[in-house]
Number of protein chains: 2
Amino acid sequence: MIIEDRAQSYEEALRRSGIRITRQRAALLRILADTDDHPDATALHARATAAGAGVSLATVYRTLAELEAQGLIHKVEFVGEPARYEPADQRHHDHMIDVETGQVVEFFNERIEKLQAEIAAEMGYEILRHRLELYVRKLP
Amino acid sequence: MIIEDRAQSYEEALRRSGIRITRQRAALLRILADTDDHPDATALHARATAAGAGVSLATVYRTLAELEAQGLIHKVEFVGEPARYEPADQRHHDHMIDVETGQVVEFFNERIEKLQAEIAAEMGYEILRHRLELYVRKLP
DNA sequence: TTGACTGCAAAGCGTTTGCAGAGAG
DNA sequence: CTCTCTGCAAACGCTTTGCAGTCAA
């Protein structure tokens, strides 16, 4: 995923929904497009500020909510910390969190996905979304 | 699990740790022992109040924190709602949440557990704890 | 031009905590 | 008798929101 493409596709999707691209939003979209970690709202605000964009934390939250509503980013909430955000245009994956370093590793396992769907189906349900997080520690 | 046994084992565990069994705590332990759903702090406070025990919400939180620290109950946090609590003396299980009714179904799948451990091990990690939640809807 | 946007500061929510008095052991 | 506990109310951290002014289209 090329960063400029991603930033551009964010803009287009927002414009398509009649949402205005303000200076503040453009800056945030650039930052989000350039993100390969899982920053929280405060981190994004700090990055925007560092980049010279005068953006308030309230606007960061409002923009994140908008992007999430449009399905462009995903909110992930790990135990005991503020919500983090990641671009939605990746293959679905789950998260492994190293509790000692805080490092987040993404992983995907087809069989786990299938098993979840089977379990739900057996009980007469379909899965709308799910959350799977492994809180781990490096083996010695 | 017989309720009185559970309430008693809570008391014993707390006493063993030098924690006093006050009137308020005794009432909460009884209520928690009698729980087969997943109440949050407010619900527990309401139940305690209904049972005639004068217990403040602060004490409910403090008691829950103590019980969790002792490993007697587990805190579970579903997306977008206050934390809920469940007795710890059950087989490990995960949760399926019917997003339409709010109903919580517990399930357990050995293969999913194994796969998680394998994935972690492959990447050089061991799992300390994990969280798996399926947000589902009844099939038509 | 005008309606959506912004920053600010205040409010919201669930949860935690400092304090002075109450009560378990 | 002591030391932990309780209730209260205030503070907490993260997030949302009302308002009056600002700016993209």
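Just so we're on the same page: letters track the sequence lines, and every chain starts at 1.
Residue B:Gly18 is out of contact with every strand shown, counting any heavy-atom pair closer than 4.0 Å. Among the atoms of the strands shown, none is found under 4.0 Å from any heavy atom of B:Ala65. Residue contacts shown for B:Arg62 include a base, since a base heavy atom lies under 4.0 Å away.
A sub-4.0 Å separation between OP1 or OP2 of D:dA25 and a side-chain N or O of A:Arg15 is present. Of the side-chain N and O atoms in A:Arg25, one or more sit less than 4.0 angstrom from OP1 or OP2 of C:dT6. In this model, the phosphate group of D:dT15 is approached by a side-chain N or O of A:Tyr61 to a distance below 4.0 Å at OP1 or OP2. Phosphate proximity of D:dC5 to B:Thr22: absent, as no side-chain N or O sits under 4.0 Å from OP1 or OP2. At C:dG7, one or more side-chain N or O atoms of A:Gln24 fall inside 4.0 Å of OP1 or OP2 (strictly under the cut-off).
Residues A:Phe78 and A:Tyr135 share a closest heavy-atom pair of CA-OH, 3.6 Å.
Among pairs with a residue in residues 74-86 of chain A, those fulfilling salt bridge (charged side-chain N to carboxylate O under 4.0 Å, His left out) read A:Glu81-A:Arg84, at least two apart in sequence or across chains.
The nucleotide whose nearest atom lies closest to any side-chain atom of B:Ile19 is, among C:dC5, D:dC5, C:dT16, D:dC5. Residue B:Arg20 has its side chain nearest to D:dT4 when only D:dT15, D:dT4, C:dC8 are considered. In the set C:dG7, C:dT15, D:dG7, D:dG7 carries the atom at the smallest distance from any side-chain atom of B:Thr59. When distances run from any side-chain atom of A:Ala58 to the nucleotides C:dT15, C:dA9, D:dA24, the shortest one goes to C:dA9. The nucleotide whose nearest atom lies closest to any side-chain atom of A:Val55 is, among C:dG7, C:dG23, D:dA24, C:dG7.
Under the 4.5 Å side-chain criterion, counting only non-hydrogen atoms from C-beta, B:Val79 is not in contact with A:Arg129.
Using cut-offs of 30° and 60° for the angle between ring planes, the B:His130 and B:His92 rings count as tilted.
Take B:Arg62 and apply the side-chain hydrogen bond (donor to acceptor under 3.5 Å, both in side chains) test, not counting sequence neighbours, and it matches no residue.
Heavy-atom distances to DNA chain C give each of A:Ser56 and B:Ala83 a nearest nucleotide, and the one nearer the 5′ end belongs to A:Ser56. Mapping A:Val60 and B:Leu57 onto DNA chain C by nearest heavy atom places A:Val60 closer to the 5' end of the strand.
Distance B:Phe78 CZ to C:dG14 P: 16 Å, rounded to the nearest Å. Nucleotide C:dC13 holds its C1' atom 14 Å from the CD atom of B:Glu77, rounded to whole Å.
The CG atom of B:Leu44 sits 10.0 Å away from the OG1 atom of B:Thr63 when rounded to the nearest 0.5 Å. Atoms CG and CG, on B:Leu72 and B:Leu32 in that order, are 10.0 Å from each other to the nearest 0.5 Å.
Taking the C1' atoms of five terminal pairs at each end of the helix from C:dT1-D:dA25 to C:dG25-D:dC1, the two resulting helix axes are inclined by 30°, rounded to 10°.
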